[in-house]
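Letters A, B, ... mirror the listed sequences (proteins, then strands); counts begin at 1.
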Amino acid sequence: MTVRTRFAPSPTGYMHIGGMRTALFNWLWARHNQGQFILRIDDTDEQRNMDESLGPILAAFRWLGLNWDEGPEVGGPHGPYFQSQRRHLYVAALARLLESGHAYRDFELSADTQAQREAAEKEKRVYVSSRASLSLKDDEVAKYLADGRPCVVRLLIPRTDKVVINDHIRGTVEFDCSLMPDPVIARSDGSPLYNFATVVDDAEMEITHVIRAEEHLSNTPIQILLHRALDNRTPEWAHVPYVASPGSKEKMSKRKIDKYRTNPQFQKLFELGDQVLSRIGIDPKSNDLSPVMVAYYQQVGFLPAGVLNALVRLGWSLDDQTEFLSHGEMIRKFTLDRVIQSAAGLDPDKLLNFQSHWMSELPANEKLNGCLRMLKQAGLIDDEDDKETQAKVSRVIELAADRLRVFGDIFQVDEFFVTDEELRIDLKNFQKRVVQPENAVVLLQDLRQRLSDTDDFTAVPLHELLQSFAVEKQVKVGDIFPALRLCVTGKAQGADLFRSIELLGKVCVLHRLDRAIGQAESQRMP
RNA sequence: GGCCCCAUCGUCUAGCUAGGUCUAGGACAUCGGGUUUUCAUCCCGGUAACAGGGGUUCAAAUCCCCUUGGGGUCACCA
C-alpha cells in the first residue's frame with residue numbers, strides 16, 4: 001500500500017514555523033516511501049479572504065520546496081481539497097452514523113450541558129454526557145425535529161471500552177472511554193466539527209499515516225472511535241512533539257513575540273532580523289512578521305536548505321553525529337522511529353550555523369541572485385539585471401566570503417553600495433582611532449597623497465604601499481590600518497582592507513578620506 | 001483539577017527497544033591557544049549532563065515503582 005500523508009492547515013494568514021516542521025515530517029515520510037503528500041485546507045469555520053489567508057501558507061511550502069501531490073491549485077482524485085467544499089461527504093457520513101446508532105441527536109440545551117459540566121467539576125467527579133436525549137422515543141424525536149428544535153449530533157462513546165493507540169513515536173497510549181463525554185460531531189446547523197471532518201477526509205483521501213503535533217494526541221481516541229463507527233481502515237499515528245520557543249519547553253506562539261524579544265537565546269536572531277527588515281522597509285517592531293512565521297526567514301534572506309536542516313534536526317536525528325542533510329539525504333534517511341518524544345526549543349544559534357554551512361555550499365550565481373534581490377529591495381542598487389552591477393555585487397560577495405550567512409548580511413558591507421555622503425561612520429571608533437591619536441590626521445593626509453600618486457590601485461601593490469608607509473613613518477600597521485578602514489568604510493572591522501580599497505576605487509577612496517580627515521580636524525578643534 | 005505526554009552538558013541531541021564496551025559520544029554556544037592587517041573563517045584544546053528517591057540485578061543513563069518538575073488537552077475552535 002502506498003504511503004499517503006497529509007498536512008491540514010487552517011488558513012490563518014501565516015505559516016507557523018512549528019507547523020512547518022510537522023509538515024516537513026509528513027512530506028519526508030511520504031517521499032521516503034515513494035508515497036504521496038496531500039495538502040488539505042481545514043476551513044470548516046468560514047473564511048473571509050482565502051487568498052490572503054491561504055497565500056502565505058502555500059508560499060512557505062513553495063519556498064522550502066515541499067511540493068504536494070494533491071491539494072489546492074494542483075487538484076487530485078480526492079478533491080475538492082477545501083473542507084468547506086466537502087460538506088456532502090460529512091452529511092452522508094453523519095447520516096450513516098445516525099442510522100447505525102453510533103451517533104445520536106442531542107436536544108439538551110447547551111446551558112444545561114454546561115451546568116452539568118460545572119456541577120461535576122465542583123463535586124470533583126468526571127463529567128460524562130447525560131444522554132437524556134437517548135431515551136426519547138422515535139416519534140418524539142420526529143416531533144422535535146418537525147418543531148425545529150435545535151440539536152447537535154454526538155458520537156455515542158462506548159463507555160466500557162478502552163482505546164489503545166499504537167503510536168509510531170509515543171508507543172502504546174491508552175484512553176479509558178468511561179471518562180469521555182460524548183463529543184459533538186455536528187453543530188445544530190449541521191456543520192461538522194474538526195474531529196469529525198478530519199476522520200471523514202482522512203478516510204476518503206486514503207491517508208495511511210497521520211503525522212501531527214502532540215497536542216492532537218487527546219483527540220485521537222475520538223477519531224479512532226469515529227473511524228471504527230464508520231467502518232474505516234484506521235490510519236497509523238505519529239504524534240510529534242511541538243516546537244518550543246528557544247530555551248523553553250513552551251509551545252512557540254505568535255502571541256508571545258514581545259516576550260521572546262527579551263529572551264537572551266533569541267537575541268541574536270532578533271538583532272539580525274531587525275537590522276535586515278528595517279533596511280528593506282519592513283517595520284521589525286510591528287510583529288506582522290516574526291520568527292514564529294516562516295515568511296520571516298525568507299524575508300531576512302535565510303536559505304531554504306538551512307531552515308529545513310534546522311527543522312529536521314529539531315526532534316529528529318539520524319545518528320550520533322550527522323548534522324548536515326540536504327533535501328535528498330533527508331528523504332533517504334528520514335524515519336519516524338527516530339523522532340524524539342520530548343518538545344524541543346528552536347535554537348537560533350544552531351539555525352545560523354546551518355545557514356553558514358549551506359550558504360558556503362551555494363553556487364555563486366545563486367548567492368548573487370539572493371543578494372541582488374536584497375539590495376534592490378533596500379534601494380541600494382537600481383537595476384538588478386545590469387551586468388556592471390552584477391559584476392560588482394559578485395566581487396563584494398567574494399570579499400564578504402563567510403561573513404554572508406544569510407542574504408541580509410550583505411548589508412553589513414553596505415559601504416560598497418552607499419554614496420560617499422551616505423556613508424555612516426562608527427563614531428565611537430572614529431574618535432578612538434582617528435580623532436584622538438596625536439598624529440593620525442597628519443598620517444592620513446600623508447597617506448592620502450601617496451594613494452593619490454599611485455596608478456596601480458589594486459590590492460597587492462596597495463598592501464605593499466601601506467606596509468612600507470608604516471615602516472617609513474615608524475608606526476605600527478595596527479595604528480594606521482584601522483584608521484584608514486574607518487575613513488573609507490566607516491567600520492572598525494570588515495573584509496580584507498586592500499581588496500576593499502581596490503573595489504571601492506581610487507576616486508571614492510580619496511573622496512572618503514578627504515571627508516573623514518575634514519571631519520576629524522573639525523572635531524579636534526577646541 | 002481530571003486525563004495524557006515528557007525528563008541526558010546552557011541548547012539541539014547519541015546512547016535506552018535486546019542492562020556491562022559510557023571514567024556518557026557529537027554538534028551549536030561559551031572559554032583558552034594558534035593562523036590572519038582587523039573582523040569572520042580555519043586549526044588545536046578546555047569547561048559542561050544521566051531531575052531526586054527507592055527497588056530488580058553480580059552490574060542501571062538504560063528495566064520497574066514513587067516523588068518532583070515541565071508541557072499538552074479538557075468547546076456547537078482547529
Q.
Do A:L145 and A:F107 have side chains that approach each other closer than 4.5 Å (heavy atoms only, starting at C-beta)?
A. yes
Q. Of A:A495 and A:H216, whose nearest nucleotide on RNA chain B comes first from the 5' end?
A. A:A495
Q. When the ring centroid of A:H168 is compared with that of A:H209, is the distance short of 6.0 Å?
A. yes
Q.
Any side-chain N or O of A:R187 below 4.0 angstrom from OP1/OP2 of B:C77?
A. yes
Q: Name the nucleic acid region contacted by A:K249, choosing base, sugar-phosphate or nothing; use a 4.0 angstrom heavy-atom cut-off, strictly under.
A: sugar-phosphate
Q: Record whether the side chain of A:S218 comes under 3.5 Å of the base of B:C4 through a donor-acceptor pair of N or O atoms.
A: no
(Q) From the set B:C77, B:C5, B:U37, return the single nucleotide nearest to any side-chain atom of A:L193. (A) B:C77
Q. What nucleic acid atoms does A:R117 come within less than 4.0 Å of, heavy atoms only: base, sugar-phosphate, or nothing?
A. sugar-phosphate
Q: Please state how far atom CG in A:D202 lies from atom C1' in B:A78, giving the value in whole angstrom units.
A: 13 Å
**Q.** Residue mapping more 5' on RNA chain B - nearest nucleotide basis, A:S317 or A:K350
**A.** A:S317
Q) Can you tell me how far C1' of B:G2 sits from NZ of A:K122, to the nearest Å? A) 18 Å
Q. Side chains of A:N309 and A:W358: is there a donor and an acceptor less than 3.5 Å apart?
A. yes
Q: Name the nucleic acid region contacted by A:R338, choosing base, sugar-phosphate or nothing; use a 4.0 angstrom heavy-atom cut-off, strictly under.
A: sugar-phosphate
(Q) Looking at B:A14, I'd like to know if its phosphate oxygens (OP1 or OP2) sit under 4.0 Å from a side-chain N or O belonging to A:R313. (A) no
Q) Are A:S133 and A:D106 close enough that a side-chain donor and a side-chain acceptor fall under 3.5 Å? A) yes
Q.
Mind checking if A:D402 touches a base, just sugar-phosphate, or nothing, with heavy atoms under 4.0 Å?
A. base
